[in-house]
Protein chains: 2
Amino acid sequence: MDRTSVDAGLLQSRYRLTKQRAAVLRALSDGMHLSAETIHARVRTNLPDVSLGTIYRTLDILRAIGLVQVFSFAGGAARYEAALAKHHHLLCSSCRSLVNVNADGLSDIARDIATQAGYTDIDCALTITGRCSTCSSPP
Amino acid sequence: MDRTSVDAGLLQSRYRLTKQRAAVLRALSDGMHLSAETIHARVRTNLPDVSLGTIYRTLDILRAIGLVQVFSFAGGAARYEAALAKHHHLLCSSCRSLVNVNADGLSDIARDIATQAGYTDIDCALTITGRCSTCSSPP
DNA sequence: CTCTCTGCAAAGCATTTGCACATTG
DNA sequence: CAATGTGCAAATGCTTTGCAGAGAG
């Protein structure tokens with residue numbers, strides 16, 4: 001099994017690197033903002049017996065280590081994403097699609113605000129909600 | 001029953017102004033970022049027979065009209081708030097407390113980003129996550 | 001060999017919904 | 001009085017958890 005830099009994060013932690021966890025990491029590096037269900041489906045193509053419970057347990061560990069970012073919103077399952085490059089999200093209120101945006105200016109301002117309010121360990125992943133161009137234009 | 005400017009929003013809509021809905025609006029104008037459970041408890045002090053289902057139905061209507069903002073995050077119930085003055089939130093990753101912040105600069109940048117990406121109906125309520133000063137300082 | 005991890009299935013919460021009755025406009 | 005709203009309780013969807021056996025180091 002080849003060990004990516006992402007796997008290394010797990011190895012350095014107190015957690016074991018199992019084939020299930022490696023498969024979750026692989027699934028995450030393939031796609032963006034995936035639901036647990038989607039990750040489960042992808043992992044199953046290689047490991048048909050993996051349970052959804054294991055997916056959730058793994059994602060929680062990866063989040064605790066800081067390898068994964070989680071996004072929650074009203075009326076749907078949470079989305080998970082490899083925490084490689086920090087970025088923000090545009091969430092369509094109509095079709096629930098997620099799009100990544102890089103905006104350091106936004107991060108800097110947000111970080112300043114939180115710092116001045118006495119916050120530490122600041123996570124600057126912001127979600128801007130709106131109606132995407134596809135949903136706005138007539139069919 | 002006195003009719004606040006908030007009630008007016010409901011009256012102008014195609015929805016009826018019932019005593020349950022008025023009570024939910026009153027509860028929302030009292031506190032900030034409340035959970036459905038908390039709103040239910042508050043409404044019950046005046047209307048003991050209101051069901052939780054009605055609270056959810058009402059909150060959904062108010063959100064659809066634009067009178068209420070909803071905030072969701074991993075591992076907890078959604079929080080609801082009267083959409084009077086738009087502002088952002090600081091969420092403590094440890095104790096899950098929410099604090100309001102006004103930052104027009106943040107809103108402006110976020111709106112620009114979304115606009116350039118072709119988004120409309122942009123909602124600039126952002127949530128910055130971090131560890132609040134209470135949770136950071138030793139006990 | 002020990003300690004951690006996994007699959008399974010059941011439980012847990014937050015939220016939604018179908019239905020018969022009550023209420024609003 | 002016609003249309004909408006409500007309480008109740010059951011259903012749903014996402015996520016977590018207890019347990020006994022499997023696997024990593």
Legend entry - Matching residue for A:V50 among A:I39, A:V24, A:V43 - test: side-chain contact (heavy atoms from CB on, under 4.5 Å): A:V43
Inset, instruction - Test B:I61 against every option in B:T58, B:I65, B:L59 by the side-chain contact (heavy atoms from CB on, under 4.5 Å) rule and name the one that passes. - result: B:I65
Inset, instruction - Decide side-chain contact (heavy atoms from CB on, under 4.5 Å) for A:R131 and B:Y119; before the verdict, give the C-alpha distance in whole Å, the side-chain angles of both, and the deciding distance to 0.1 Å. - result: CA-CA 5 Å; A:R131 173 176 281 261; B:Y119 281 61; 5.8 Å; no
Inset, instruction - Could you give me the CA-CA distance, side-chain angles and deciding distance for B:F73 and A:F71, then say whether side-chain contact (heavy atoms from CB on, under 4.5 Å) is met? - result: CA-CA 7 Å; B:F73 26 88; A:F71 301 89; over 6 Å; no
Quickly work out the [X] [atom1] to [N] [atom2] distance and round it to whole Å.
| X | N | atom1 | atom2 | result |
| --- | --- | --- | --- | --- |
| B:L17 | C:dT24 | CG | C1' | 10 Å |
| B:I55 | C:dT17 | CD1 | P | 17 Å |
| B:R14 | C:dG25 | CZ | P | 14 Å |
| B:L25 | D:dG5 | CG | P | 14 Å |

So, does [X] get its side chain near the phosphate of [N], meaning an N or O under 4.0 Å from OP1 or OP2?
| X | N | value |
| --- | --- | --- |
| B:T18 | D:dT4 | no |
| B:R21 | C:dT24 | no |
| B:Q20 | C:dT23 | no |

Inset, instruction - Using heavy atoms and a sub-4.0 Å distance, could you list which residues of residues 39-50 of chain A are near DNA chain C? By number, please. - result: A:D49, A:V50
Legend entry - Backbone of A:C132 reached by a side-chain donor or acceptor of A:S136 within 3.5 Å: yes
Inset, instruction - Taking the side chain as every heavy atom from C-beta outward, state whether A:L106 and B:I113 have any pair of such atoms under 4.5 Å apart. - result: yes
Inset, instruction - Taking the side chain as every heavy atom from C-beta outward, state whether A:E37 and A:L52 have any pair of such atoms under 4.5 Å apart. - result: yes
Legend entry - B:I128 versus A:A114, closest heavy-atom pair with distance: CG2-CB, 4.1 Å
Inset, instruction - For each nucleotide in nucleotides 13-23 of chain D, reading 5' to 3', give B when a protein heavy atom comes within less than 4.0 Å of its base, S when such contact involves only the sugar-phosphate, and - otherwise. - result: -SBBBB----B
Inset, instruction - For side chain to side chain donor-acceptor pair (under 3.5 Å), just list the numbers for A:S107 and A:H88, CA-CA rounded to whole Å, side-chain angles, deciding distance to a tenth of an Å, and then say yes or no. - result: CA-CA 8 Å; A:S107 309; A:H88 308 291; 2.8 Å; yes
Inset, instruction - Tell me whether A:L84 is reachable from A:M32 by hopping between hydrophobic residues (I, L, V, M, F, W, Y) whose side-chain heavy atoms are closer than 4.5 Å. - result: no
Legend entry - End-to-end axis angle, where each axis spans five pairs of the helix from C:dC1-D:dG25 to C:dG25-D:dC1, to 10°: 40°
Inset, instruction - Decide side chain to side chain donor-acceptor pair (under 3.5 Å) for B:Q69 and B:H33; before the verdict, give the C-alpha distance in whole Å, the side-chain angles of both, and the deciding distance to 0.1 Å. - result: CA-CA 9 Å; B:Q69 279 184 274; B:H33 25 73; over 6 Å; no
